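Please read all numbers here as calculations on a predicted model, not as lab measurements. Remember, it's 1-based here, ligands and their atoms both numbered in the order they're listed. Because only heavy atoms are used, hydrogens play no part in the values below, and waters and symmetry mates are left out as well, while side chains stay in.
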Amino acid sequence: MKYYFVKMALRGISPMVWRHLQIPGNVSLAKLHYIIQIVYGWDNEHLHQFHIHGKDYGISYLGGIAFSDNDYGHCAGLSLQESKKLLKRLQQKIVLHQAKIYTLSHRNCPCCQKPQRSKGNHSIQFKTLFGTVVIPSLRVYPCKCSSRTTKTFSLLKSWLPEHISPELQYIETKWASHMSFNKTSTLLQDVLPVTTTHNGASVRNHLHKIAQKQESALEGKPICISGCANQWAKLPKPDKPITVGIDGGYVRSWSEKKNNFEVIIGKSFLETKPPKPFLSDGADNVRDLQFIMHPEVEHVLDWFHLTMRFTVLNQFAKGLVHSDPEAGDEVTKNLSSAKWYIWHGNVKESLDHLEDCYMICDQDGIHYKNQKKFLRNLEEMTTYIENNRNLIPNYGERWRYNETIASSFVESTMNEVVTKRMVKKQQMQWSDKGAHYLLQARTSTLNGDLPKYFEDWYPGLKINRDHEMQAMVSKKAA
Ligand SMILES: [Zn+2]
């Protein structure tokens with residue numbers, strides 16, 4: 001390899017400022033430019049140009065980023081890698097410059113304008129979407145006239161109370177509401193120069209922090225209504241009737257690997273029609289929650305859940321027909337009567353027919369391999385109806401009057417909020433706290449409330465939502 005010994009000097013400056021260096025012969029002009037920056041201790045802040053044999057090379061145009069002697073290959077414009085590098089460097093420059101200005105303008109005591117005595121520098125690691133910036137942060141002793149009680153304090157503290165940028169937290173929370181923590185981290189690293197130590201755990205921790213913050217924003221607003229039943233009547237009435245549906249779903253537990261725990265979600269919307277009742281699937285915990293939340297509303301057992309249970313019983317009946325046609329037909333008839341009666345709110349008749357089913361199936365002469373299971377299901381159905389008999393209306397009548405009888409809108413919410421993010425991947429396990437925080441973040445993302453939270457917390461932060469609106473419009477149009 002050929003090497004050149006080069007002497008460089010600055011023109012028009014006296015005494016002469018010069019550098020002697022040895023450079024490899026195959027160096028590109030782009031590299032040579034950087035070598036010059038380094039040997040002179042410059043920051044690449046000016047436009048520049050090489051003038052060789054009457055031809056100009058270099059970045060002499062504003063916004064230019066490449067040399068014309070580079071081989072571009074098949075790639076026009078910036079590569080992702082280059083853009084990440086650029087953004088990172090730019091971010092460093094900007095943040096460091098801002099920190100410098102901030103420190104200078106806050107160096108003096110705000111009351112008496114005397115400079116506050118320095119305790120020395122330490123450094124802050126500030127995490128952003130465009131990399132982590134290490135910022136020198138000046139600690140000072142508070143001035144005598146200050147009311148501060150701490151011995152020293154950091155000047156940048158009031159500018160950067162958190163060591164992470166709001167936008168990074170916003171994007172992490174939003175993305176992790178839709179996909180796993182690890183995937184969020186990987187995709188972020190694909191497109192942005194976030195730090196290489198970024199991982200799923202950091203995304204999870206940040207999301208938890210945001211969800212906690214969201215929750216504390218709700219503080220002061222009543223979540224549950226407690227107190228004496230005779231005081232409930234005095235509670236303020238909501239402006240408009242609302243329909244509320246509540247449902248439970250199961251996710252796998254992190255602490256007890258073999259167990260699941262239940263997450264409960266609800267959806268409510270304002271009604272334009274007369275008041276609607278609470279609908280529930282009749283599970284004790286979900287029903288209790290509804291009573292606690294709104295004791296004074298009519299509660300109705302969700303028809304959807306009832307009919308699902310009948311569907312299961314009918315499957316067993318079909319199996320029975322296969323092995324014992326006579327008994328099977330009898331059971332099928334009785335099941336359909338039981339369903340018909342309960343549809344009309346006649347709990348007693350319905351239970352009678354279920355009992356008949358049980359008797360028929362419980363005979364010794366029946367040879368059906370799922371006999372025991374069928375009997376257990378019939379028993380459970382009876383208990384379910386007995387436990388919820390106070391919540392069983394005349395569904396047929398309600399239906400004719402166009403009143404809500406099934407909370408299928410809640411089922412779909414359950415699927416949207418919980419199943420899509422938490423249940424699909426069966427290997428994924430959750431702590432109850434982790435599940436709670438994720439669902440907080442996910443609901444606010446799905447409801448479109450997340451940007452609003454961030455803009456409230458961080459005045460000056462503007463989150464661009466145009467593309468989301470666009471997507472919603474085109475989704476509706478499709
Ligand atoms: Zn002072």
Output every pair passing side-chain hydrogen bond (donor to acceptor under 3.5 Å, both in side chains) with a member in residues 12-25, not counting sequence neighbours, ordered by first then second residue.
none
Got a sec, which pairs hit side-chain hydrogen bond (donor to acceptor under 3.5 Å, both in side chains) with one end in residues 85-98, sequence neighbours left out?
Gln91-Thr128
Lys/Arg-Asp/Glu bridge criterion (N-O < 4.0 Å) met for Lys209, Glu162
yes
Side-chain donor-acceptor contacts of residues 143-150 below 3.5 Å, not counting sequence neighbours, with atom names and distances?
{"from": "Ser146", "atom 1": "OG", "to": "Arg148", "atom 2": "N", "distance (Å)": "2.9"}
{"from": "Thr150", "atom 1": "OG1", "to": "Thr152", "atom 2": "O", "distance (Å)": "3.4"}

Quick check: closest heavy atoms across Ser123 and Val134, and the distance to 0.1 Å?
CB-CG1, 3.7 Å
Taking Gln125 for its side chain and Thr132 for its backbone only, find out whether a donor-acceptor pair lies under 3.5 Å.
no
Around the Zn ion (ligand 1), list the protein N/O/S atoms within a radius below 2.8 Å, excluding water molecules.
Cys109 SG, Cys112 SG, Cys143 SG, Cys145 SG
